[in-house]
Amino acid sequence: MTTTASLKPNLAAWARGYETLTQEYDYWLEDIEGELPSELQGTLWRNGPGQFELGGVSYRHPFDGDGMVSALTFRDGRVHFRNRYVRTQAFQEEQQAGRILYKNVFGTLKPGGFWANLFDFNNKNVANTNVLYYAQKLWALWEAAPPHRLDPYTLATTGLDPLVGKLPFSAHPRLDPQTGHLVNFGVEVGLQSRLHLWELNPSGKIVRQRVEKLQGLAFIHDFVITPHYAIFFQNPMALDPWPFLFGMKGAAECLHFAKGEPTRILVLPRDGSPVIELEAEPFFIFHHVNAYEQDGLVIIDSIRYEEYLKAQEDRDFKETDFTQIPAGRLWRTTLDLKARRLTTRMHAPRACEFPQVAPNFVGQSHRWAYLASAHAPTANGPMQAVGRFDFVKRLEERYSFDPDGYVGEPVFIPRPGAVEEDGGWVVSLVYRGDVHRTDVIFFDAQNIAAGPIAQLHLPHHVPHGLHGTWSPGFFSKAI
């Protein structure tokens with residue numbers, strides 16, 4: 001852990017993490033520092049953008065990058081690595097053409113100016129946001145289109161899944177540990193948006209489904225569940241349609257905070273009862289930590305921004321000025337549904353993102369959250385530390401990889417047979433900007449501040465990623 005207070009991150013090193021990874025690997029990992037737990041048996045899946053330019057043209061935003069899934073399989077102390085791009089139809093067409101053919105949501109347009117993009121609403125499905133194994137299927141997820149199904153052993157793309165392809169499918173489903181159901185949603189955006197909520201059972205069958213009309217534009221990236229509710233925060237957003245319609249900007253570039261509008265909190269009873277709606281002061285949510293019911297209240301922990309987080313239009317995204325963009329911080333929202341009242345409060349001032357709880361505590365009362373956070377105590381910056389927050393004592397513990405290490409989403413892996421909430425390990429991919437490669441870092445979840453118990457040194461980098469998950473199954477033909 002860094003002992004000096006280098007509060008200004010090395011942004012040149014951070015930017016190198018957005019270099020395209022052109023090679024698809026398949027190898028046994030040999031460079032292991034420390035000792036992997038003997039009980040660690042399963043597969044860590046990760047997804048994120050892997051390609052950031054094509055035909056000599058750089059993508060406008062990293063979220064426009066083509067999805068690349070990585071799989072790290074652990075068995076008997078050995079580790080196998082594999083990565084592969086998701087072969088969406090658009091990816092294959094563009095690779096064959098050697099140039100950008102599709103307009104992208106976050107700002108990458110087809111070459112040729114507004115004439116080439118005029119009235120083009122056919123956004124590219126980049127399949128780059130999350131990866132999930134459920135009902136004996138592996139899916140690469142992107143929130144604006146159906147998921148692509150992958151072979152869990154080879155990561156080969158088999159195409160859009162015909163079952164779930166009929167459902168609006170966000171990139172942030174929630175697995176209910178009490179029922180085993182996969183709960184997810186999707187939004188049809190329009191002048192009057194439509195919110196779809198549905199549940200699959202472990203056999204992959206739809207067991208619940210409902211559709212609700214929403215007031216105004218709905219930009220909802222994530223949600224939370226409890227045993228009785230699914231809860232959504234509808235950010236107060238508006239769209240400037242003309243730059244999008246006339247091919248001058250991507251859809252996300254045309255979004256902005258709707259002045260005077262509240263954040264709407266929509267509570268959908270999972271039994272199909274009517275929606276309960278409450279209003280809060282305006283703020284923006286990308287990701288939630290968890291939610292639970294207690295003493296007649298519903299408690300939601302989230303990463304909150306005070307305004308919409310969008311790319312800086314006057315610079316390349318690799319030159320982001322973190323001092324000029326809002327920081328995400330850990331907040332709690334408490335709902336009294338009977339009285340139709342709510343309260344909000346900030347837990348801690350440190351900038352953070354990518355929150356997780358132990359999977360067996362989804363929808364249940366939790367004490368711990370695992371997060372990626374900035375190195376500085378209050379200033380915004382790239383995520384450089386892995387930490388956990390104690391909601392009982394309202395304290396954080398963390399381990400920083402400053403000045404040249406940049407962390408991804410921490411994933412909690414339960415220890416087999418553990419009953420305590422923090423019984424397990426936390427794993428994160430750390431990009432080492434000084435040597436341009438990535439390490440896979442393991443912590444004892446009960447002692448993050450003590451530092452890694454094991455580090456897997458990859459011989460190459462993996463670009464800054466987004467989300468992933470752990471599965472206890474063995475998915476590698478090499479094993």
Side-chain angles (χ1 to χ4, degrees), residues 5 7 9 172 219-224 226 231-237 257-267 278-295 297-310 322-337 339-357 361-362 365-400 407 409-410 421 448-449:
L7 301 184
H172 281 288
F219 183 168
I220 303 174
H221 180 70
D222 193 8
F223 79 128
V224 280
T226 69
I231 302 124
F232 300 84
F233 284 48
Q234 184 179 354
N235 298 304
M237 302 299 294
F257 244 23
K259 292 184 178 180
E261 290 294 318
T263 292
R264 294 184 174 89
I265 300 175
L266 312 171
V267 182
L278 298 93
E279 293 185 354
E281 67 272 22
F283 54 81
F284 187 89
I285 299 286
F286 270 122
H287 298 122
H288 297 285
V289 180
N290 194 31
Y292 60 94
E293 302 168 40
Q294 180 175 290
D295 301 327
L297 304 175
V298 178
I299 298 166
I300 307 114
D301 290 316
S302 313
I303 307 299
R304 167 172 158 170
Y305 297 82
E306 296 311 305
E307 57 184 277
Y308 173 53
L309 182 67
K310 63 187 300 184
F322 284 89
T323 68
Q324 300 301 310
I325 57 177
R329 295 187 169 93
L330 190 58
W331 280 70
R332 170 162 291 183
T333 304
T334 302
L335 310 179
D336 185 335
L337 298 182
R340 302 294 177 99
R341 291 197 304 261
L342 64 84
T343 59
T344 63
R345 74 175 187 186
M346 186 171 68
H347 284 301
R350 190 181 300 274
C352 59
E353 253 298 352
F354 296 136
Q356 282 208 358
V357 296
F361 286 78
V362 169
S365 177
H366 60 273
R367 177 173 180 175
W368 310 102
Y370 303 92
L371 311 111
S373 66
H375 179 70
T378 57
N380 198 15
M383 301 296 100
Q384 293 191 270
V386 173
R388 75 169 181 170
F389 187 82
D390 183 340
F391 290 97
V392 174
K393 296 182 178 180
R394 297 188 69 189
L395 295 174
E396 63 172 343
E397 61 174 290
R398 51 196 293 279
Y399 186 92
S400 177
V407 307
E409 176 189 59
E421 181 183 347
I448 298 290

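Nothing here was measured: the structure is a model prediction, and the numbers come from that model. Keep in mind that the numbers below use all heavy atoms, side chains included, and drop hydrogens, waters and symmetry copies.
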*Could you tell me which non-hydrogen atom of Glu353 sits nearest to which non-hydrogen atom of His287, and how far apart they are?*
OE1-ND1, 2.8 Å
*Between the main-chain N or O of Arg345 and the side-chain N or O of Arg332, is there a donor-acceptor pair closer than 3.5 Å?*
no
*For the residue pair Ile303 and Cys352, what are the closest heavy atoms and their distance?*
CG2-O, 3.4 Å
*To the nearest 0.5 angstrom, please state how far the CD atom of Glu409 sits from the CG atom of Leu371.*
10.5 Å
*Please tell me if the side chains of Ile231 and Thr333 come closer than 4.5 Å, counting only heavy atoms from C-beta onward.*
no
*Is there side-chain contact between Asn290 and Val362, with at least one heavy-atom pair below 4.5 Å?*
yes
*Atom CD1 of Ile285 and atom NE2 of His221: how far apart are they, to the nearest 0.5 Å?*
11.5 Å
*Looking at Phe361 versus Tyr292, is the centre-to-centre ring distance below 6.0 Å?*
no
*asked:* Return the CD to CD1 distance between Glu293 and Ile299, rounded to the nearest 0.5 Å.
replied: 10.0 Å
_Contact check, side chains of Leu337 and Val267, non-hydrogen atoms, under 4.5 Å_ = yes
*Would a 4.5 Å heavy-atom cut-off, applied to side chains only, mark Phe233 and Phe286 as touching?*
no
*For the residue pair Pro262 and Ala280, what are the closest heavy atoms and their distance?*
CB-O, 3.2 Å
*Would you name the heavy atoms of Ile448 and Glu397 that are closest together and state the gap between them?*
N-OE1, 3.0 Å
*Rounded to the nearest 0.5 Å, what's the gap from NE2 on His347 to OG on Ser302? Could you check?*
8.5 Å
_Minimum heavy-atom distance between Phe232 and Ile220, given as atom pair plus value_ = CD2-CG2, 3.9 Å
*Does Thr263 use its side chain to pair, donor to acceptor, with the backbone of Phe283 at less than 3.5 Å?*
yes
*Is any side-chain heavy atom of Lys393 closer than 4.5 Å to a side-chain heavy atom of Arg367?*
yes
*Any donor-acceptor pair under 3.5 Å linking the side chain of Asn235 with the backbone of Phe219?*
yes
_Derivation of the side chain to side chain contact (heavy atoms under 4.5 Å, CB included) call for Tyr305 and Ile325_ = CA-CA 10 Å; Tyr305 297 82; Ile325 57 177; over 6 Å; no
*Taking atom CZ of Arg398 and atom NE2 of His375, what is their separation to the nearest 0.5 Å?*
6.5 Å
_Val357 and Tyr370, any side-chain heavy atoms less than 4.5 Å apart_ = no
*Locate the shortest heavy-atom distance separating Ala385 from Val407; write the atom from each residue and the value.*
O-CG2, 3.4 Å
*Indicate yes or no: at least one non-hydrogen side-chain atom of Pro326 is less than 4.5 angstrom from one of Glu307.*
yes
*Can you find a pair of side-chain heavy atoms, one from Thr323 and one from Asn380, that are under 4.5 Å apart?*
no
_Arg341, CZ: over 12 other non-hydrogen atoms inside 6.0 angstrom_ = no
_Can you confirm if the aromatic rings of Phe284 and Tyr308 lie within a centre distance of less than 6.0 Å?_
yes
*How many angstroms lie between CH2 in Trp331 and CE in Met346, if you round to the nearest 0.5 Å?*
6.0 Å
